[in-house]
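Down below is the structure, laid out as structure tokens.
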Amino acid sequence: MDSYRKATLVALLALAAQPALADEPIAPETFTVEAALKPGPNLFVASSGWAGAGVINIFSAADLSYKGNYANGFNGQMTISAGGTVGYTASAYPKRIMKGPIEAVLERFDVSTLKTTRDITILPKFILGQAAHGMLQVSADGERAYVQNATPATSVTVVNLKTGKVVSEIPIPGCWTINLAKDGTRFTTLCGDGRFLTVRLGPDGRATGQAYSEKIFDPEKDPLFTHAERVGADLVFVSFSGVFHRVSDAGDTARLVSTYAFAKEIPGGWAPGGYEVMGYNAPNGIIFIAMHPGARDGSHKNPSTEVWAVDLERRTVLYRSMAPGLTHLAVSQDKVPVIFGTNSHGEGLFRYETDPTAKFAAKLTHQVGLRNASYLLAP
Amino acid sequence: MDSYRKATLVALLALAAQPALADEPIAPETFTVEAALKPGPNLFVASSGWAGAGVINIFSAADLSYKGNYANGFNGQMTISAGGTVGYTASAYPKRIMKGPIEAVLERFDVSTLKTTRDITILPKFILGQAAHGMLQVSADGERAYVQNATPATSVTVVNLKTGKVVSEIPIPGCWTINLAKDGTRFTTLCGDGRFLTVRLGPDGRATGQAYSEKIFDPEKDPLFTHAERVGADLVFVSFSGVFHRVSDAGDTARLVSTYAFAKEIPGGWAPGGYEVMGYNAPNGIIFIAMHPGARDGSHKNPSTEVWAVDLERRTVLYRSMAPGLTHLAVSQDKVPVIFGTNSHGEGLFRYETDPTAKFAAKLTHQVGLRNASYLLAP
Amino acid sequence: MSDLLSRIIKTLDGVLESGARASARRHGRRSALTRIGGLLVGGAAAMALPFDRAYGAQAAGKGSEGNDKSCDYWRYCALDGFLCTTMGGSKTSCPVGAEASVVTWVGTCQNPGDNRSYLISYYDCCGKTPYTGAQFCLRSEGERPGYNMGLYNDINWCVANANKGYHCTVALVVGVAS
Amino acid sequence: MSDLLSRIIKTLDGVLESGARASARRHGRRSALTRIGGLLVGGAAAMALPFDRAYGAQAAGKGSEGNDKSCDYWRYCALDGFLCTTMGGSKTSCPVGAEASVVTWVGTCQNPGDNRSYLISYYDCCGKTPYTGAQFCLRSEGERPGYNMGLYNDINWCVANANKGYHCTVALVVGVAS
């Protein structure tokens with residue numbers, strides 16, 4: 001082949017490979033499906049379906065760009081485990097969507113491919129309601145799932161994820177939310193009389209015993225929000241009036257370690273409000289909490305006016321950032337904490353960056369006009 | 001009993017019967033369910049579900065006040081018959097709402113009690129899409145239902161409503177929409193080559209024969225909208241450019257009776273647009289039609305700028321009323337016609353009163369901010 | 001006459017008591033109802049926020065004290081949901097074709113008309129979609145988390161019904177709270 | 001060299017022909033594709049309306065000619081649906097975890113870059129809910145009612161899939177139209 005012919009061939013092949021050139025039309029294209037989620041840390045946002053399917057939307061934690069979703073059923077719950085790689089959702093599939101008997105289903109999915117890897121029918125007693133903390137938990141080894149039930153009598157369904165079978169139902173009368181111990185050998189739940197109930201779990205996931213704590217909180221005078229954060233070996237809760245309750249769940253009986261009335265000295269009647277009211281950043285030991293002023297009976301679900309950065313160790317409110325309209329809040333585990341928030345009363349998904357050199361002051365960096373968003377899980 | 005005691009007793013009984021009086025607390029109340037829809041003519045508005053349940057909302061035709069609803073499934077269709085007293089809907093109930101095999105179901109309900117009176121599983125080939133004319137029809141005697149299928153190959157499922165069984169599937173390749181003859185002995189459908197296909201039906205609902213018409217419209221140069229109005233013994237269609245096609249479906253073969261290019265002489269490039277583009281008022285022989293100016297290729301779904309009142313008999317455009325944003329339109333059979341409209345592209349349910357003494361000029365009387373509304377049926 | 005009066009009062013008390021008991025039974029645990037008297041201060045300052053349990057949020061209407069289509073109506077002090085009064089029902093009745101819920105949460109609301117605190121039972125109506133144009137309200141006076149289930153308004157209270165789709169919510173007086 | 005060129009052209013033609021045939025087969029009737037050349041004038045004046053097939057309407061972005069996240073992008077001249085480009089996919093690929101539709105409708109759109117009219121196949125991605133914050137578009141250049149099924153954009157084109165939930169829509173060049 002002489003050099004002229006060779007050059008022409010190369011040029012023509014280039015034409016074929018670059019169909020947008022004027023001389024050659026665009027070549028027919030192939031229809032494909034993206035094989036994997038774009039890399040990078042993910043933010044998971046649940047929207048519980050009330051008239052059909054719900055959804056877990058996945059956004060880039062870096063800039064809230066949209067990455068993909070996993071659809072579930074009616075009144076869905078979610079949890080993410082294994083370092084953000086495996087998702088779980090429990091939801092209901094009624095025969096006629098708004099009517100007829102439900103099939104409650106626990107689904108496991110691969111976060112990277114968004115493919116279902118398990119579809120297990122669980123007890124139809126499954127809690128119907130908004131997505132929230134403590135409604136669905138999975139053991140660290142991924143072998144067992146625990147699902148809150150409410151008929152409205154309360155119990156917990158234990159699911160073996162290896163066999164795909166329901167193992168048992170554990171009654172927890174008058175108690176609410178599942179807080180699985182770090183080693184998976186027990187879970188702790190909040191009861192209506194102010195005590196915590198600890199249920200010990202055998203290797204097969206069945207209850208082998210249970211014990212009530214002393215009274216840890218006052219459900220009449222200052223109830224606890226049920227959202228909990230894992231802080232070191234303990235669980236941290238917050239009360240309607242703004243008192244952190246640090247609870248040890250390491251033993252057979254839950255134990256109140258300490259309380260801290262962080263809002264007490266600050267004028268204006270500030271109190272926590274919303275549902276997922278706070279998020280903890282472990283590298284810095286800081287809790288970020290959604291606060292509203294002028295708190296009164298019935299304002300405990302008010303969206304935030306500010307988000308406060310509280311140093312738990314030093315017992316100090318470090319900074320009060322303007323951050324309006326958050327009912328749900330989650331915090332990244334970065335050294336420079338990032339706060340994510342949603343407003344389940346209206347719309348909005350928000351991303352705030354904090355500055356560790358400026359007392360963790362928070363600044364809005366990204367915002368998306370998402371509606372019906374509620375519970376969220378940060379990377 | 002002396003008169004003093006008697007008077008006191010009456011007063012006390014009155015107190016008990018009027019619990020809002022200051023002396024006596026409100027008596028405990030009983031929880032009930034309304035037994036029947038409020039009386040008066042009804043407007044039915046379909047909202048097809050795309051992520052779960054859909055719904056047929058019922059409004060008062062007098063003032064658009066809300067009366068009640070009937071929930072259906074995914075991608076639902078509707079029709080109302082028996083003088084507005086019986087409703088039908090066909091929709092899909094997928095196993096996992098957004099995924100899994102569907103059960104296509106034809107439901108019949110009583111409009112007064114909104115109770116389901118039939119729930120019949122039909123062929124899963126059922127058309128998945130927006131609610132529209134000609135997708136679901138029921139014979140005048142209420143004994144047979146006809147459902148459009150699209151896999152996307154097209155056919156019609158015939159359902160016996162007495163036995164609750166699917167009777168047969170009638171293939172209508174390349175044809176679309178079911179227009180049942182007044183006596184129920186045949187249906188007519190529009191085909192892609194511009195002909196109409198008439199399918200004759202036996203007493204059991206099975207096809208006993210079929211015949212294509214001559215070419216009635218030009219699907220390339222001036223396609224017909226599939227929405228049809230019954231005008232006397234005929235069906236009236238309209239083309240993209242604004243030509244009424246009056247078609248007789250009384251015989252074994254459909255026949256073009258007449259055409260009328262009503263928009264031709266009017267400057268501005270006006271054409272019909274939307275989905276349910278027109279409604280006919282029989283007492284006055286007037287068609288009301290949604291029109292937009294500057295029509296061009298691709299504008300045939302544009303919402304209205306005006307609604308025109310056209311006298312079909314006299315072949316006259318009587319009046320052009322300002323009526324923006326309608327993609328669907330239905331007209332009452334009152335002597336003083338009332339026009340109802342929705343905007344499926346945005347939001348809004350509208351009620352216009354017309355004045356027969358003023359060339360049927362239309363004036364907005366009521367408006368509701370309804371979203372996701374599309375196909376509607378007027379009393 | 002005092003007999004008649006006391007009988008009327010007893011009847012009221014009886015309904016209240018049996019209502020509380022029934023609720024406790026349904027919830028399968030000591031009902032929070034028995035503690036309500038001392039717990040709540042009543043809905044003195046009505047709060048009406050544009051809230052959302054499932055659908056688009058709606059601004060609360062500026063209703064008068066007696067407007068049961070408005071979120072600030074006194075009975076709605078712990079109501080989270082669509083008002084049945086704006087969907088073809090009333091404050092004590094479900095719209096036609098809906099199913100009455102068999103379990104309920106309660107609130108204690110102060111009636112400005114007689115300055116009494118009433119025990120209000122919020123029943124959901126079930127088995128259908130809501131009307132998205134209806135009035136949505138969320139007030140949470142005396143509302144408590146799920147460990148006080150009888151006071152909790154975040155779950156779907158159609159949970160014990162055959163048909164679990166949430167339609168709307170009514171607000172019944174079941175007795176005097178204090 | 002003319003051999004190579006003609007082979008390339010033949011390949012393109014072949015894909016177009018087999019694409020058209022496949023579409024005709026799938027639709028179970030004479031495909032409207034064969035008539036498209038004479039039928040459509042191409043998307044000369046792009047129309048971008050804030051439309052809605054299922055969810056809340058969204059105003060079309062003021063995208064440039066080459067912005068495939070905008071409703072006025074040339075390939076979208078007959079697209080009715082959510083853009084996969086705004087949901088984690090691309091103009092030729094479904095977002096991860098979705099199912100590719102096996103049937104499709106087509107449009108003929110003019111590419112302002114080379115002034116050619118292309119046959120565009122609009123494939124739906126299936127089996128999941130859309131992202132409601134995604135860009136929704138409706139343009140209907142050359143769109144036709146269901147009696148020309150291959151040109152019809154009002155049905156759910158997940159109809160022939162195992163999973164029928166509508167997720168989003170892509171726009172593939174399948175050939176030159178004229």
Side-chain angles (χ1 to χ4, degrees), chain B residues 1 4-9 11-13 15-16 19-38 45 47 49 52-60 64-73 109-116 347 349 368-373, chain C residues 1 4-5 7-9 11-16 18-19 55-56 58 66 75 84 86-102 104 111 113-121 123 125-134 163 165 167 170-177:
Chain B
M1 198 188 287
Y4 168 75
R5 285 170 63 93
K6 206 165 167 184
T8 314
L9 176 61
L12 270 167
L13 288 173
L15 269 179
L21 292 187
D23 290 359
E24 206 61 42
I26 299 171
E29 297 167 334
T30 307
F31 184 26
T32 57
V33 178
E34 298 291 328
L37 213 62
K38 288 188 179 68
V45 183
S47 294
V55 66
I56 297 167
N57 281 310
I58 307 174
F59 297 85
S60 160
L64 299 189
S65 61
Y66 191 76
K67 295 178 77 172
N69 73 20
Y70 187 86
N72 54 15
F109 61 93
D110 181 75
V111 169
S112 174
T113 62
L114 295 174
K115 290 254 191 313
T116 308
E347 74 168 60
L349 172 64
V368 170
L370 185 65
R371 293 185 67 86
N372 295 335
Chain C
M1 275 319 295
L4 179 62
L5 188 60
R7 253 179 302 159
I8 289 171
I9 289 165
T11 305
L12 291 178
D13 286 348
V15 169
L16 170 53
S18 68
Y55 292 88
Q58 289 220 332
R75 292 185 182 208
C84 290
T86 63
M87 278 173 57
S90 75
K91 63 181 181 285
T92 61
S93 65
C94 291
V96 57
E99 193 180 272
S101 67
V102 296
T104 165
N111 178 3
D114 65 5
N115 283 317
R116 281 191 179 87
S117 279
Y118 287 91
L119 207 55
I120 305 294
S121 209
Y123 287 92
C125 301
C126 308
K128 307 207 284 186
T129 44
Y131 166 49
T132 54
N163 300 309
H167 189 55
V170 302
L172 267 77
V173 165
V174 291
V176 179

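The sequence lines fix the lettering, A, B, ..., with proteins before strands; numbering per chain opens at 1.
Both the backbone and the side chain of Leu37(B) come within contact range of chain C, each with at least one heavy atom under 4.5 Å from a heavy atom of that chain. With a 4.5 angstrom heavy-atom cutoff, Ala98(C) touches chain B only via backbone atoms. Heavy atoms of Lys38(B) lying under 4.5 Å from chain C belong exclusively to its side chain. Using a 4.5 Å cut-off between heavy atoms, Val173(C) touches chain B through backbone and side chain atoms alike. Only the side chain of Asn57(B) comes within less than 4.5 Å of a heavy atom in chain C; its backbone stays farther off. Heavy atoms closer than 4.5 Å to chain C are found in the backbone of Thr30(B), but not in its side chain. Looking at Ser112(B), the atoms closer than 4.5 Å to chain C (heavy atoms on both sides) all sit in the backbone: N, CA, C or O. Heavy atoms closer than 4.5 Å to chain B are found in the side chain of Cys125(C), but not in its backbone. Contacts of Ser90(C) with chain B are made by both backbone and side-chain atoms, with heavy-atom separations under 4.5 Å.
Contact count versus chain C (heavy atoms, under 4.5 Å) is highest, among Ala35(B), Ala36(B), Gly49(B), for Ala36(B). Between chain B and the options Ala100(C), Gly165(C), Cys84(C), Gly89(C), the largest number of non-hydrogen pairs under 4.5 Å is found for Ala100(C). Looking only at heavy-atom pairs under 4.5 Å with chain B, the residue among Gly88(C), Pro95(C), Cys94(C) that has the most is Cys94(C).
Heavy-atom minimum distance, Asn111(C) versus Ile26(B): ND2-CD1, 3.5 Å. Minimum interatomic distance between Val55(B) and Asn72(B) (heavy atoms only, all atoms of both residues): N-OD1, 3.2 Å. Taking all atoms of both residues into account, the shortest heavy-atom contact from Asn69(B) to His167(C) is OD1-CE1, 3.6 Å. Nearest heavy atom pair, residue Arg75(C) against residue Ala171(C), reads NH1-O, 3.0 Å. Of all heavy-atom pairs spanning Leu172(C) and Phe31(B), the tightest one is CD2-N, 3.2 Å.
Ser47(B) places a side-chain N or O within donor-acceptor distance of the main-chain N or O of Asn372(B), the cut-off being under 3.5 Å.
In this pair, Tyr70(B) and Phe109(B) present their aromatic rings parallel. The plane angle is below 30°, not in the 30 to 60° band. Aromatic ring orientation, Phe59(B) versus Tyr131(C): perpendicular (interplanar angle above 60°, classes split at 30° and 60°).
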